[in-house]
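Working notes, structure below.
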Amino acid sequence: MNGLYILLISAVVLFLAYLFYGRFLARIWGIDPKRKTPAHEFEDGKEYVPTSSSVVFGYEFASIAGAGPINGPIIAAMFGWVPVLLWLLLGSIFFGAVHDFATLYTSVRNKGKSIGYVIEHYVGKAGKRFFLIFVWLFSILIAAVFADIVASTFAGFDITGARIPTNASVASTSLLFIPAALALGILIYRRKSSDLASGIIAIDLLIACIALGIYFPVFFPKTAWLYFIFAYIFIASVIPIWMMGQPRNYLNSFLLIAMILAAFMGVVLTNPKITIPAFTSFNVNGNYLFPVLFITIACGAISGFHSLVTTGATSKQLNSEKYMLPVSYGTMLVETLVAILALIAVGSFAVGGELSKEAPPVVFASAVSGFLHKIGLPAQISFTIVSLAVSSFVLTTLDTVARLGRLSFQELFQAENEESKQINPIFKILKSKPAASLFTLLPAYLLAILGYQNIWVLFGAANQLLAALALVACIMFMKKTGRRILVLFIPAVIMLAITFTSLILSIKSRGMLLLHGSGNTSGLVLQLGIALLLLILGILVVIFCTIKFFKKTPQNTVTT
């Protein structure tokens with residue numbers, strides 16, 4: 001199959017989906033550009049910060065476009081390129097982008113609050129507590145997975161002790177992004193620079209960081225980088241969002257968009273041939289198409305993590321409701337385009353129809369840099385820049401998830417405080433920013449030591465279950481306020497079936513390994529415990545929401 005045809009057809013389908021289905025959703029739910037957004041209503045200079053549409057778009061895109069759209073399709077390609085492509089397109093248009101738009105819309109119409117607040121308001125406090133614990137556990141998983149991936153892309157030495165110049169340059173450039181982001185944050189927030197000026201300066205800073213990073217690589221082992229990454233995201237999670245999270249994501253968004261455009265042009269000009277089969281089998285080495293395909297692809301089609309970004313951060317930065325559609329539905333479709341490029345990359349990089357044994361980020365970077373090399377760019381420089389872009393995808397997600405995990409932990413204990421007249425001293429400590437971040441990132445570090453390959457399936461199941469639960473919460477809000485819910489109900493039911501099946505299979509497989517004494521016992525016990533907790537919490541949230549959904553209540557005449 002021709003990779004160019006896949007790319008062009010996909011781009012047209014995604015564009016038409018935004019033009020028709022996205023606008024259809026905006027019309028049936030109602031967008032009011034004159035309505036005051038939470039960013040203006042509750043502006044505090046820390047979490048609620050009115051921000052220009054271009055910066056918010058960059059923040060949202062850089063936050064959600066982690067390793068998922070690259071890793072997922074490349075791993076799932078074992079089933080063939082046709083099922084992967086079909087789920088990427090149908091999943092993103094009718095599941096993922098709808099999920100992102102619905103959660104952002106719901107949060108904006110509920111004072112910029114999280115999905116946990118929405119569940120409390122429309123379901124009850126017990127449902128909220130279960131959901132917040134689920135989100136906290138999920139944040140630990142995603143921090144562990146992505147920290148391990150970033151540390152691997154930064155590692156300056158291989159297993160033999162030989163230097164890896166590309167990784168060292170990626171690490172050096174990422175370090176330079178930190179002071180650059182701080183300077184950019186001051187420029188945007190304190191100096192109130194225009195979108196044009198901010199964009200030009202961001203591009204200049206980006207080019208300078210890349211150039212310095214390539215010429216001055218930093219060599220440290222993976223273990224040292226794991227320490228640094230967790231220390232960095234701890235600090236980033238407690239300082240105001242405009243100082244690091246927002247400007248770093250905005251800065252990285254230019255790199256990510258440039259990589260997408262370069263990869264797109266590379267495919268157009270080189271016309272790569274997809275050498276893997278269109279379809280292999282429903283069962284590949286014990287992995288069944290259902291539910292493995294839908295769990296593995298994750299972020300490229302639908303991702304629960306996106307609901308944490310839209311409700312935990314983006315809804316608090318939105319200047320006007322008219323930007324909701326492009327910032328949510330639009331960014332999801334762009335992420336899907338990245339996933340399709342990853343599918344083309346692994347398909348063209350295969351030898352004799354056999355998938356590469358390299359790690360997915362390496363496969364993607366090698367294939368895309370190969371496209372760019374064919375059109376005249378030096379191989380080493382193009383490989384370094386693409387590797388940097390992939391690493392930036394993941395690190396910006398880590399910035400965001402550390403903050404969101406901390407907020408969920410704090411919100412859990414704030415809910416407890418509301419029930420008592422006197423604040424419990426322990427709760428007061430636990431809901432502090434440093435303590436909440438520590439309790440989120442310490443277990444994530446312990447999981448990261450296991451390596452992301454060992455917990456990717458568990459992460460995928462938790463991610464998709466979170467998406468289903470977020471859709472359920474949005475259904476409760478839409479129903480109570482008299483809006484259409486069928487476009488949410490169908491994806492929610494399907495995702496619940498997929499994720500509960502996957503978690504049950506994960507629990508069974510890890511239980512069997514423990515019974516037979518195979519594998520790392522402590523690691524298996526930890527993974528089994530998390531899988532059981534996720535399944536139980538997910539079922540409890542669904543039960544509480546279902547009871548409330550069918551409970552007869554007086555008709556709500558107030559439209560939120």
Side-chain angles (χ1 to χ4, degrees), residues 51-52 54-63 65 70 150 153-154 156 164-191 193-219 232 236 242-266 269 334 338 341 361 364-366 368-399:
T51 308
S52 72
S54 60
V55 175
V56 175
F57 185 94
Y59 176 87
E60 173 76 10
F61 177 60
S63 295
I70 293 172
V150 172
T153 64
F154 283 4
I164 310 174
T166 299
N167 286 14
S169 293
V170 168
S172 180
T173 303
S174 296
L175 287 176
L176 291 169
F177 278 177
I178 296 174
L182 286 169
L184 192 60
I186 293 171
L187 181 72
I188 294 172
Y189 186 72
R190 295 295 189 191
R191 299 293 182 180
S193 64
S194 66
D195 286 356
L196 179 61
S198 299
I200 293 172
I201 293 172
I203 293 171
D204 289 341
L205 286 171
L206 186 65
I207 294 171
C209 289
I210 292 173
L212 289 171
I214 290 174
Y215 284 102
F216 300 100
V218 177
F219 293 90
Y232 162 72
W242 65 265
M243 289 183 67
M244 179 56 64
Q246 191 184 81
R248 185 184 174 96
N249 286 14
Y250 180 55
L251 183 68
N252 281 334
S253 68
F254 287 96
L255 175 62
L256 305 181
I257 291 171
M259 184 205 70
I260 293 170
L261 292 174
F264 194 100
M265 290 305 300
L269 296 175
V334 175
V338 175
L341 286 169
F364 182 80
S366 299
V368 174
S369 62
F371 300 156
L372 299 178
H373 179 60
K374 288 181 181 178
I375 60 177
L377 288 179
Q380 185 59 38
I381 292 178
S382 60
F383 181 77
T384 301
I385 293 175
V386 175
S387 298
L388 172 64
V390 173
S391 177
S392 297
F393 267 115
V394 187
L395 193 54
T396 49
T397 301
L398 269 175
D399 280 10

Could you walk me through whether F61 and I257 pass the side chain to side chain contact (heavy atoms under 4.5 Å, CB included) check?
CA-CA 9 Å; F61 177 60; I257 291 171; 4.2 Å; yes
Residue pair [X] / [Y]: nearest heavy atoms and the distance that separates them:
X	Y	answer
V390	F364	CG2-CD2, 3.6 Å
S366	F383	OG-CE1, 3.5 Å
Y250	A202	CE2-CB, 4.3 Å
A181	L251	N-CD2, 4.5 Å
L176	G213	CD1-N, 3.9 Å

Where the side chain of [X] meets the backbone of [Y], is there a donor-acceptor pair that is under 3.5 Å apart?
X	Y	result
S382	H373	no
S172	A168	no
S391	S387	no

Quick one, [X] and [Y] - any side-chain contact, counting heavy atoms below 4.5 Å?
X	Y	value
L388	M259	no
V386	L372	yes
L341	I260	yes
I210	L255	yes

In Å, rounded to the nearest 0.5 Å, how long is the span from [atom1] of [X] to [atom2] of [Y]?
X	Y	atom1	atom2	answer
C209	I214	SG	CD1	11.5 Å
S369	I385	OG	CD1	10.5 Å
L175	F216	CG	CZ	14.0 Å
S52	Y59	OG	OH	14.0 Å

Return the set of residues passing side chain to side chain donor-acceptor pair (under 3.5 Å) with T166 (not counting sequence neighbours), or none when no residue passes.
Q380
Member of L182, I178, L184 meeting the side-chain contact (heavy atoms from CB on, under 4.5 Å) criterion with R248
I178
For side chain to side chain contact (heavy atoms under 4.5 Å, CB included), just list the numbers for L395 and F154, CA-CA rounded to whole Å, side-chain angles, deciding distance to a tenth of an Å, and then say yes or no.
CA-CA 11 Å; L395 193 54; F154 283 4; 4.2 Å; yes
Can you list the steps and then say if L205 with F177 is a side chain to side chain contact (heavy atoms under 4.5 Å, CB included)?
CA-CA 8 Å; L205 286 171; F177 278 177; over 6 Å; no
